Amino acid sequence: MSTANRTPIVAGNWKMNLNREEAVALARTVASGSKGMQSVERVIFPAAAHLDAVRYSLAEVGTGGVQLGAQNTWHEPNGAFTGEISNEMIKDLGCGWLLTGHSERRHVVGEADDLVNAKTRAGLEAGLHVVLCIGETLEQREAGQTDAVNERQLRAGLEGVPRDALSRLVIAYEPVWAIGTGKTATPDDAQNAHHAVRKVLEALFGQQPATDMRVLYGGSVKPNNAADLFAQPDIDGGLIGGASLKADSFLAICQAVL
Ligand code: 13P
């Protein structure tokens, strides 16, 4: 019988928002406001252009346990990849975390499953914690394909991932129709999707790794709906977009997981 012992995570994906001054100020307020919250891992994902400033600013005032991540990298270590940044570069900037497969990378930029897989593997090989994002579109949901889409994205995204990297792998279920729309999956619907995700992880890696792995929910998580979502047995925290851009709401969401 496997038992769950998962430390929750609340992560803020700042996307392409905030100027440098605003990013530094937000990071500092989050760090000072959450320093007592050791039982939840707190990670912020500023825009790449601000990682350096945020990192040095937090080093000055104290991180309060807040960790830093990058929203995207390229999977090759170096070379002629104009406009891209490598995993070693973001590690140099103090990042321990990386997002892959975010819906905006898949659906706006056009990243396919094989590129998501290459980025996921490269991030893990570089020693980073990787949050692999998956989720269905509205059309797919209405066609009853939620679990099938999640399973396909998981199987493709995780192909070739070595077992010894699994402790650094986190999954984020973010239904595309819930991102930035104010529409959230009901706690029951989210729990059902998360449970199915964990079953796929079990089929891929076995029961204990699937039990140990954190699966986050993302998509219009706000202070007023976070506690109900996080109370579900297979939801281990959240990946927060809009509500992570204000310290008060991000901290309230962190509080909701405790
Ligand atoms: P919102 O919280 O703004 O819906 O964004 C979710 C998201 O995409 C986090 O990665």
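Values below: every heavy atom of this structure, side chains too, minus hydrogens, waters and symmetry copies. The structure displayed is predicted, hence computed values, not measured ones. Whatever order the structure lists ligands and atoms in, that order sets their numbers, starting from 1. In what follows, residues are counted from 1 in the order of the sequence shown.
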Return a yes/no value for Gly242: is any of its N or O atoms, backbone included, closer than 3.5 angstrom to an N or O of ligand 1?
yes

If we ignore hydrogens and angles and just use 3.5 Å, is the side chain of Lys119 paired with the main-chain N or O of Thr73 as donor and acceptor?
yes

Compute the minimum heavy-atom distance from Gly218 to ligand 1 and say whether it is under 4.0 Å.
no

For His50 and Leu18, indicate whether the former's side chain and the latter's backbone hold a donor-acceptor pair under 3.5 Å.
yes

Does Arg106 use its side chain to pair, donor to acceptor, with the backbone of Gly101 at less than 3.5 Å?
yes

Identified side chain to side chain contact (heavy atoms under 4.5 Å, CB included) partner of Val24 from the options Arg28, Glu21, Glu22:
Arg28

Identify, by atom number and element, the atoms of ligand 1 in contact range of Gly180, meaning under 4.0 Å from any of its heavy atoms.
1 (P), 3 (O), 4 (O)

Students should be able to answer this: which protein heavy-atom is nearest to atom 2 (O) of ligand 1, and at what distance?
Gly241 N, 2.9 Å

So, Arg55 side chain and Asp92 main chain: donor-acceptor pair closer than 3.5 Å or not?
yes

Is any N or O atom of Lys15, backbone or side chain, closer than 3.5 Å to an N or O atom of ligand 1?
yes

Should Ile240 be counted as touching ligand 1, given the test is an N or O pair under 3.5 Å?
no

Yes or no on side chain to side chain donor-acceptor pair (under 3.5 Å) for Gln67 and Glu41, after CA distance, side-chain angles and deciding distance?
CA-CA 8 Å; Gln67 304 170 70; Glu41 284 200 70; 2.8 Å; yes

Looking at Ser220, Gly182, Gly238, Ser103, the heavy atom closest to atom 1 (P) of ligand 1 belongs to Ser220

Regarding atom 7 (C) of ligand 1: of the candidates Glu174, Lys183, Lys222, which has the closest heavy atom?
Glu174

May I ask you to list the atoms of ligand 1 that are less than 4.0 angstrom from any heavy atom of Ala178?
4 (O)

Among all protein heavy atoms in this structure, tell me which lies nearest to atom 10 (O) of ligand 1, with the distance rounded to 0.1 Å.
His102 NE2, 2.8 Å

On the 0 to 90° scale, with breaks at 30° and 60°, tag the Tyr173-His194 ring pair as parallel, tilted or perpendicular.
perpendicular

Go through the steps for Asp189 and Thr146 under the test side chain to side chain contact (heavy atoms under 4.5 Å, CB included), then give the verdict.
CA-CA 10 Å; Asp189 283 350; Thr146 298; over 6 Å; no

Has Ala243 got any heavy atom lying under 4.0 angstrom from an atom of ligand 1?
no

Counting heavy atoms under 4.0 Å, the part of Ile179 that contacts ligand 1 is both

May I ask you to identify, for Cys133, whether its side chain, its backbone, both or neither come under 4.0 Å of ligand 1 on a heavy-atom basis?
neither

Distance-only criterion, 3.5 Å: show the donor-acceptor pairs between side-chain atoms of residues 195-205 and protein atoms not counting sequence neighbours.
{"unit_1": "His195", "atom_1": "ND1", "unit_2": "Asp234", "atom_2": "OD2", "d": "3.3"}
{"unit_1": "Arg198", "atom_1": "NE", "unit_2": "Asp234", "atom_2": "OD1", "d": "2.6"}
{"unit_1": "Arg198", "atom_1": "NH1", "unit_2": "Ala210", "atom_2": "O", "d": "2.9"}
{"unit_1": "Arg198", "atom_1": "NH1", "unit_2": "Met213", "atom_2": "O", "d": "2.7"}
{"unit_1": "Arg198", "atom_1": "NH2", "unit_2": "Asp234", "atom_2": "O", "d": "3.2"}
{"unit_1": "Arg198", "atom_1": "NH2", "unit_2": "Asp236", "atom_2": "OD2", "d": "2.8"}

Run the numbers for me: atoms of ligand 1, each under 4.0 Å from some heavy atom of Gly219, listed by number.
4 (O), 6 (C)

